[in-house]
Engineer: 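Quick one: this structure, given as structure tokens, is what I'll be asking you about.
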Amino acid sequence: MYARPFIDSLDFAGNGKQISAQVPFAELPRLLDVLDNPQGSLHYTLQGRLDNQGRPVLDVSISGRCQLRCQRCLNGLDYVIAHQARLLLCDQASLDMLEDEEEDFDGILADAHLDVLALLEDEILLNLPIAPKHEAGACKVADGKNRQEGDQHPFAVLEKLKRN
Ligand SMILES: [Zn+2]
């Protein structure tokens, strides 16, 4: 079983720690909900540091290749994940303040038991296209008529199995 990593986020940032690992998509249930299939994995690096104002920061870098579900034909759609973020570790008060300002980075609540995979899921889900689609003309099922035939297909297979 995959060991789910947790970090003490302030300690991680203050001591400049780093994690770098590969995670199968199968370990990311909330992400799986929007994927066409669980195949593949992503690579991430989490680097803790203090920024030039001495504030604790996590630099997140995520890369990988997954299959989203095309919202037009419901088939798999190749998608490259390449995401980088700088997350400022905050207490609740400064997090509220940060949300009122337009900053070039996001804040997250400092947590002594931060769930790294949940953090990765949040970062990826926030940045995925809302309604991914193949490029025009690239869908395997182009219109309603074909889709209906596609839907009947599994039953046709069943029929065949029954006869054999
Ligand atoms: Zn499509």
Side-chain angles (χ1 to χ4, degrees), residues 1-7 9 12 18-48 57-90 95-96 98-99 102-111 113-164:
M1 172 124 187
Y2 188 87
R4 216 176 159 86
F6 289 87
I7 59 168
S9 57
F12 192 89
Q18 192 199 62
I19 308 180
S20 192
Q22 198 92 15
V23 189
F25 288 120
E27 297 295 329
L28 304 167
R30 279 189 294 143
L31 187 58
L32 276 186
D33 281 349
V34 301
L35 296 185
D36 183 63
N37 63 66
Q39 264 122 57
S41 61
L42 58 83
H43 185 265
Y44 73 90
T45 300
L46 205 58
Q47 172 71 57
V57 165
L58 297 179
D59 282 327
V60 186
S61 172
I62 308 168
S63 61
R65 185 181 287 269
C66 63
Q67 285 223 311
L68 299 177
R69 192 170 294 131
C70 171
Q71 296 304 297
R72 197 185 292 131
C73 70
L74 302 180
N75 285 307
L77 167 67
D78 281 331
Y79 183 77
V80 174
I81 298 170
H83 177 67
Q84 298 198 320
R86 180 198 298 179
L87 304 173
L88 185 65
L89 297 170
C90 304
L95 193 62
D96 293 342
L98 197 68
E99 273 168 12
E102 291 290 321
E103 296 274 9
D104 64 342
F105 51 81
D106 296 319
I108 58 166
L109 213 51
D111 188 343
H113 199 60
L114 180 77
D115 185 337
V116 173
L117 296 191
L119 174 73
L120 298 176
E121 281 184 311
D122 286 341
E123 283 300 310
I124 296 168
L125 287 168
L126 283 172
N127 289 282
L128 284 180
I130 292 164
K133 289 188 184 94
H134 289 111
E135 284 175 33
C139 285
K140 283 174 194 152
V141 180
D143 61 28
K145 183 166 173 282
N146 284 347
R147 186 182 321 210
Q148 211 174 23
E149 281 167 15
D151 285 345
Q152 284 165 0
H153 188 68
F155 296 106
V157 172
L158 278 178
E159 275 304 310
K160 223 168 145 185
L161 287 174
K162 268 191 231 160
R163 273 178 213 144
N164 286 343

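Just so you know, residue 1 is the first one in the sequence shown, and it goes up from there.
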Engineer: Please report the closest heavy-atom contact between S41 and Q22, naming both atoms and the distance.
Structural biologist: OG-NE2, 3.0 Å
Engineer: Is there any salt bridge (charged side-chain N to carboxylate O under 4.0 Å, His left out) pair reaching into residues 35-45, and which pairs are they, with sequence neighbours excluded?
Structural biologist: D36-R69
Engineer: For D78, what residues pass the side chain to side chain donor-acceptor pair (under 3.5 Å) criterion, not counting sequence neighbours?
Structural biologist: Q67
Engineer: E121: which residues meet the salt bridge (charged side-chain N to carboxylate O under 4.0 Å, His left out) condition with it, sequence neighbours left out?
Structural biologist: R30
Engineer: Should L89 and L114 count as side-chain neighbours, where that means a heavy-atom distance under 4.5 Å?
Structural biologist: no
Engineer: Could you tell me which non-hydrogen atom of P38 sits nearest to which non-hydrogen atom of F25, and how far apart they are?
Structural biologist: O-CB, 3.8 Å
Engineer: How many angstroms lie between CG in L58 and CZ in R86, if you round to the nearest 0.5 Å?
Structural biologist: 12.0 Å
Engineer: Restricting to side chain to side chain donor-acceptor pair (under 3.5 Å), what partner residues turn up for R65, sequence neighbours left out?
Structural biologist: none
Engineer: Minimum heavy-atom separation for L117 to P5, with atom names?
Structural biologist: CG-CD, 3.9 Å
Engineer: Using the side-chain contact (heavy atoms from CB on, under 4.5 Å) criterion, which residues pair with Q47? Sequence neighbours excluded.
Structural biologist: Q18, D59
Engineer: For H134 and G76, indicate whether the former's side chain and the latter's backbone hold a donor-acceptor pair under 3.5 Å.
Structural biologist: yes
Engineer: Kindly write out the residues that satisfy ring pair (Phe, Tyr, Trp, His ring centres under 6.0 Å) with F6, not counting sequence neighbours, or none if the list is empty.
Structural biologist: H113
Engineer: State, to 0.1 Å, how close E123 and A85 come at their nearest heavy-atom pair, and which atoms those are.
Structural biologist: OE1-CB, 3.3 Å
Engineer: For the side chain of S9 and the backbone of D111, is there at least one donor-acceptor N/O pair under 3.5 Å apart?
Structural biologist: yes
Engineer: By side chain to side chain donor-acceptor pair (under 3.5 Å), which residues pair with T45, not counting sequence neighbours?
Structural biologist: S20
Engineer: Just to verify, which of D122, L87, L126 counts as forming a side chain to side chain contact (heavy atoms under 4.5 Å, CB included) with D106?
Structural biologist: L87
Engineer: Only one of L125, D33, L42 forms a side chain to side chain contact (heavy atoms under 4.5 Å, CB included) with L28, so which one is it?
Structural biologist: L42
Engineer: With sequence neighbours left out, what residues match D115 under side chain to side chain donor-acceptor pair (under 3.5 Å)?
Structural biologist: R4
Engineer: Would you give the length of the straight line joining atom CD of E135 to atom SG of C70, rounded to the nearest 0.5 angstrom?
Structural biologist: 11.0 Å
Engineer: With respect to Y44, which candidate in I124, V116, L119, I81 satisfies the side chain to side chain contact (heavy atoms under 4.5 Å, CB included) definition?
Structural biologist: V116
Engineer: Looking at every heavy atom in both G107 and C90, which two are closest together, and how far apart are they?
Structural biologist: CA-SG, 4.2 Å
Engineer: Run the side-chain contact (heavy atoms from CB on, under 4.5 Å) test against L109 and tell me which residues pass, sequence neighbours left out.
Structural biologist: Q92, L95
Engineer: Is the shortest heavy-atom distance from the side chain of L31 to the side chain of L128 under 4.5 Å?
Structural biologist: yes
Engineer: Quick one: are Y79 and L35 in side-chain contact, heavy atoms under 4.5 Å?
Structural biologist: no
Engineer: Check side-chain contact (heavy atoms from CB on, under 4.5 Å) between P132 and all other residues, then give those that pass, not counting sequence neighbours.
Structural biologist: L68, Q71, L77, P129
